[in-house]
2 protein chains.
Amino acid sequence: MNSPNEATVNQYEMIIKKARDRVIEALAKNMDLYGITLSVGHLYGTMFFQDKPMTLDEMGAAMGMSKTSMSTGVRQLMEQKMVNKVWMKGARKDHYEVDQDWYQNFIDYFSTKWRKAIDLNVQALRRSMNDLTLLKEKDDLPEELQRCVETDLEKLQNALDYYDWLSRLIDLLESHEIFQYVPKKL
Amino acid sequence: MNSPNEATVNQYEMIIKKARDRVIEALAKNMDLYGITLSVGHLYGTMFFQDKPMTLDEMGAAMGMSKTSMSTGVRQLMEQKMVNKVWMKGARKDHYEVDQDWYQNFIDYFSTKWRKAIDLNVQALRRSMNDLTLLKEKDDLPEELQRCVETDLEKLQNALDYYDWLSRLIDLLESHEIFQYVPKKL
DNA sequence: AAGTTTGTAAAGTTTTTTCTTAACGTATTA
DNA sequence: TAATACGTTAAGAAAAAACTTTACAAACTT
């Protein structure tokens, strides 16, 4: 039983391929949570099971898509730090491989995207709160507007508190302190 | 100074409007993190500063858009639990208001979206791991394929561990236990 | 220096998404 | 029962995104 016939081997290979494809499909489908398109998700999945770093041409062949698409797709994945460019001994073509640390991928995505959102919103909130606080000082402010300013200021302060919380949540992730409370290994 | 002229009041109102618009703009821009489009984000922002529940017609007027768009937009926001339908004493039109609990909004979004992704991926992972484990038992499996199965199984197990971690992270949020480690009030 | 190879940018096409107008169904009023 | 109001579905138009082909610039080879 040590040298099976070719048909059996093909069948075995098919099982592996199907097992991979199933996972790739599921993976790709849910990468929209990372703002990543289905086809780029497929690319990621393909690279995930490739045990060697891939070139753009290899990706194009595996995906049946243009090299340009691979180039932009890989760039997106690199921006999310899900894929790294690897330097290979005397090779002209660029080689890429997936970063297998999904915990860090998650954290990086979270940090980058949400931190940016927080900064932008907090900046707007601060400015508007400042404007409204100045307005509140005016002693000829009609009572109706005064109440309006009050409630707005309260809302903005609540928002600010929330973003502060979110910022600290990100800190917890980035510092890996989270693993104290939600440990990696079950 | 208790009855300012009309021009001054208009100026004051303008300041409030600008303060609100700045925040609305920033808010809307970042709601893509919730999978929400810019215009629907604007709708959310508009409702956020409205102190009374709004009808679809009021929204349409405020946004300069069709009622149909308001209908679908509000539905999206309701799916994310960012907006609630409020029942109003003897009113024919439906009224909606934003849910001001941003912490819960965040948690809900997180739970819903990521939990779904986890379930789908874990299901695929389990099936493929099962297939591969069965394949590993075959005693006529060529050595090359055997190694392939081994590394694949390891990858899938790592993925499974990651999703388990993510699931526990979501538990931490959903149970509000997170507020013990990252408290709301600074 | 001429000729390849490799990666990316630009332009154009196809597909998808977003928004509007029009039509429908249900509920309310007269 | 007829008439009106309200929300939503369906179909079409406009805008945006994804992909491909073509073209180009930089690096390497000879």
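Sequence lines set the chain letters: A, B, ... in the order given, protein chains first and strands last, and positions in each chain run from 1.
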Let me know the distance between [atom1] of [X] and [atom2] of [N], rounded to the nearest Å.
{"X": "B:Met78", "N": "D:dT8", "atom1": "CE", "atom2": "P", "answer": "7 Å"}
{"X": "A:Trp87", "N": "D:dA27", "atom1": "CH2", "atom2": "P", "answer": "17 Å"}
{"X": "A:Met59", "N": "D:dC19", "atom1": "CE", "atom2": "P", "answer": "15 Å"}
{"X": "B:His95", "N": "D:dG7", "atom1": "NE2", "atom2": "P", "answer": "8 Å"}
{"X": "A:Gln76", "N": "D:dA17", "atom1": "CD", "atom2": "C1'", "answer": "11 Å"}
{"X": "A:Asp94", "N": "D:dC28", "atom1": "CG", "atom2": "P", "answer": "11 Å"}
{"X": "B:Lys93", "N": "C:dT28", "atom1": "NZ", "atom2": "C1'", "answer": "14 Å"}
{"X": "B:Leu56", "N": "D:dG7", "atom1": "CG", "atom2": "P", "answer": "5 Å"}

Checklist entry - Does a sphere of radius 6.0 Å around CD in B:Gln180 hold more than 12 heavy atoms from other residues, nucleotides or ligands, not counting ones at 6.0 Å or beyond? => result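 Yes, the 6.0 Å shell around CD holds more than 12 heavy atoms from other groups.
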Checklist entry - Side chains of A:Asp161 and A:Gln157: donor-acceptor distance under 3.5 Å anywhere? => result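 Yes, side-chain donor-acceptor contact under 3.5 Å.
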Is [X] salt-bridged to [Y], cutoff N-O under 4.0 Å?
{"X": "A:Asp99", "Y": "A:Lys81", "result": "no"}
{"X": "B:Asp57", "Y": "B:Lys93", "result": "yes"}
{"X": "A:Arg115", "Y": "A:Asp119", "result": "no"}
{"X": "A:Lys113", "Y": "B:Asp32", "result": "no"}

Checklist entry - Between B:Ser71 and D:dG7, is there a side-chain N or O to OP1/OP2 distance below 4.0 Å? => result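 The answer is no; no side-chain N or O of B:Ser71 sits under 4.0 Å from OP1 or OP2.
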Checklist entry - Would you say A:Arg75 reaches C:dA9's phosphate, i.e. side-chain N/O to OP1/OP2 under 4.0 Å? => result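 For A:Arg75, the contact criterion (side-chain N or O under 4.0 Å from OP1 or OP2 of C:dA9) is met.
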Next on the checklist: Under the ring pair (Phe, Tyr, Trp, His ring centres under 6.0 Å) test against A:Tyr181, which residue among B:Tyr181, B:Trp165, B:Phe179 passes?
Outcome noted: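 Checked B:Tyr181, B:Trp165, B:Phe179 against A:Tyr181; only one passes ring pair (Phe, Tyr, Trp, His ring centres under 6.0 Å): B:Tyr181.
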Item to check | Shortest side-chain distance from A:Arg92, nucleotide among D:dC6, D:dC28, D:dT8 | outcome: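 Shortest atom-to-atom distance from the side chain points to D:dC28.
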Item to check | Base-contact (B) and sugar-phosphate-only (S) positions in nucleotides 18-23 of chain C, heavy-atom cut-off under 4.0 Å, - elsewhere | outcome: SSBBB-
